[in-house]
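In what follows, a structure is listed as structure tokens, so that the remarks can point back to it.
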Amino acid sequence: MTSAEGLEVRTAAGAVRGRAEDGLVVFRGIPFAEPPVGAARFQAPRPVGSWEGTREAYAFGPPPPQESAFQARAGAVETPTGDDWLTVNVWTPATDPAARRPVMVWIYGGAYKLGHAGSPGYDAQHLARAGDVVVVTLNYRVGIEGFALLEGAPANRGLLDQVAALEWVRDNITAFGGDPGQVTVFGESAGAGSVASLLAMPRARGLFRRAVAQSVPGTYFSAELARDIAVELGKEAGLAPTAAALAAVDPRELPAAGERLSARMREYDDRWGQVAPTVTPFSPVVDGEVLPCTPWEALAAGAGRDVDLLVGHTRDEFRLFLALGEQLGRITEEQAAAALRMFAPGPDGERSYREAFPDATPTDLYERVQTDWLFALPSLRLAEAHAAGGGRAHLYELTWTAPAFGGALGACHGLDVPLLFGTYDADLGALLFAGTGVPDEARALTALFQSAWTGFARTGEPGWPAFEPSGGRLTQVLDGAAAQVLPYPEEVSRRLWEGYDIPALPLLK
């Protein structure tokens with residue numbers, strides 16, 4: 001495997017050379033599409049041109065242009081620069097075309113405005129080694145470049161980038177030891193929303209056999225809402241919301257317009273409704289073409305019935321955002337009431353939540369309703385819709401408490417990522433495990449995550465029963481050594497939302 005032949009692979013565009021790293025061969029920064037600049041700016045990804053000789057695939061490609069919060073999140077890690085944003089990275093046990101190992105393709109999260117496949121938290125070496133699988137990570141356009149609905153540009157360019165990367169996997173992964181017929185897409189947060197979108201997209205059909213969606217956000221924009229937001233993004237840039245106008249702004253400068261709008265989105269409560277408090281003006285757009293309808297509608301109609309689905313969420317999703325905003329334990333009764341009126345379902349939603357959780361503090365209510373609205377119910381409903389459409393789904397909930405800060409963060413949003421990748425000291429893991437070391441329970445959970453996820457990629461079975469809406473909604477509850485299969489743990493919340501759909505978010509005025 002460490003021979004010259006084992007390190008060099010020929011792709012459709014040309015030869016690439018990787019590195020032998022602790023029993024794996026790793027390739028970084030392989031372009032799957034042309035740089036989306038110049039005439040390609042704001043357009044669908046274009047096939048990458050061929051090259052002569054052998055290209056060294058030793059370094060990650062540069063992250064797509066994004067807000068300054070990315071570098072703050074990445075810490076002191078240096079990131080490459082340049083226009084080659086659309087690249088893939090491959091970790092493989094061996095580059096034997098006859099091996100035909102399962103392939104797992106990771107899609108990062110970051111509110112559809114942040115992210116880089118080269119982030120240390122997504123180092124896939126442990127996952128590839130533990131499961132004897134090929135792992136691919138990819139970059140896709142975020143923010144205005146990837147998701148703003150602009151005149152003269154296709155909608156959902158970030159999703160189209162993901163489709164192009166999956167096409168690259170289909171056409172090239174055999175040479176890296178993978179099986180193009182055994183591809184699993186997996187992602188967390190905005191990455192899970194992307195996975196859900198891919199399940200609903202005609203252009204992605206046939207490109208993957210299985211899907212893992214970790215904490216699916218329920219935010220999908222109607223075209224009317226997305227156009228209105230694009231107008232305000234254009235105003236922040238001092239330009240019309242068109243591809244032609246915005247192309248005059250350097251791609252690295254344009255994210256500042258989104259950043260400025262994010263900071264004052266609450267000014268648009270009366271027009272944007274539930275989107276305004278999320279402080280991200282980007283989400284997949286139900287445009288009727290690239291994304292014909294919401295994932296829940298598509299799956300219920302059978303769009304993904306041939307794809308196995310593994311989906312779930314953490315128990316205390318929204319607590320991460322309370323902690324980052326220094327609001328833990330500081331929510332007032334007025335703030336809780338406003339959140340309940342904004343997010344709880346139906347005209348009596350506030351009363352229903354208070355009656356269902358009679359001992360809850362204002363912070364508890366504020367967190368619970370936003371956990372439910374933003375992540376828990378969308379994830380549960382994805383399993384329900386898939387089962388209704390004739391597909392096979394497996395459901396999980398992570399309830400193990402992050403050890404940092406005396407456990408104050410609970411089983412918060414994003415905790416599953418360092419547990420899955422085994423990257424406890426990188427990115428968000430550095431916060432969730434800060435000053436605690438890595439408890440034995442965390443390592444046991446990592447082994448369980450990796451076994452379940454790679455087993456699912458190989459066979460479609462993660463190790464627990466399939467989800468059945470009429471059969472107790474059996475759920476794998478992940479809580480350290482006490483992992484067990486139980487009826488869906490958040491039954492109180494589920495009942496509060498029973499009968500309410502998850503529509504594309506509307507423009508209110």
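Residue Phe147 is tested with Tyr112, Phe282, Phe221 for a ring pair (Phe, Tyr, Trp, His ring centres under 6.0 Å); the sole match is Tyr112.
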Donor-acceptor list for residues 175-183 side chains, cut-off 3.5 Å, not counting sequence neighbours:
from	atom 1	to	atom 2	distance (Å)
Asp179	OD1	Gly181	N	2.8
Gln182	OE1	Arg209	NH1	2.6
Gln182	OE1	Arg210	NH1	3.0
Gln182	NE2	Arg458	O	3.1

Using a 3.5 Å cut-off and no angle test, enumerate the donor-acceptor pairs between side-chain atoms of residues 129-138 and protein atoms at least two apart in sequence or in another chain.
from	atom 1	to	atom 2	distance (Å)
Arg129	NE	Asp22	O	3.1
Arg129	NH1	Gln125	OE1	3.4
Arg129	NH2	Asp22	O	3.1
Arg129	NH2	Gln125	OE1	3.1
Asp132	OD1	Arg101	NE	2.8
Thr137	OG1	Asn89	ND2	2.8

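For Thr184, the side-chain hydrogen bond (donor to acceptor under 3.5 Å, both in side chains) test picks out no residue, with sequence neighbours left out. Every residue was checked against the side-chain hydrogen bond (donor to acceptor under 3.5 Å, both in side chains) condition with Arg10, not counting sequence neighbours, and none meets it. Legend: residues meeting side-chain hydrogen bond (donor to acceptor under 3.5 Å, both in side chains) with Glu21, ordered by chain and number and at least two apart, are Arg28.
Listed by first and then second residue, the salt bridge (charged side-chain N to carboxylate O under 4.0 Å, His left out) pairs involving residues 186-205 are Arg203-Glu289 (not counting sequence neighbours).
For the residue pair Glu397 and Thr314, no side-chain donor N or O sits within less than 3.5 Å of a side-chain acceptor on the partner. Checked by atom type, the side-chain pair Gln484/Trp464 shows no donor-acceptor distance below 3.5 Å. Remark: the Ser194 side chain and the Tyr108 side chain contain no N/O donor-acceptor pair separated by less than 3.5 Å. Counting only N and O atoms by type, the side chains of Ser189 and His413 include a donor and acceptor under 3.5 Å apart.
Under the 4.0 Å criterion applied to side-chain N and carboxylate O atoms, Glu8 and Arg17 are assigned as salt-bridge partners. Under 4.0 Å is where a charged nitrogen must lie from a carboxylate oxygen, and between Asp308 and Arg392 no such pair does. A salt bridge is defined here as a Lys NZ or Arg NE, NH1 or NH2 lying under 4.0 Å from an Asp or Glu carboxylate O, and Lys113 with Glu259 fails to meet this definition.
Looking at heavy atoms from C-beta onward, Val88 lies in side-chain contact with Trp168 at the 4.5 angstrom threshold.
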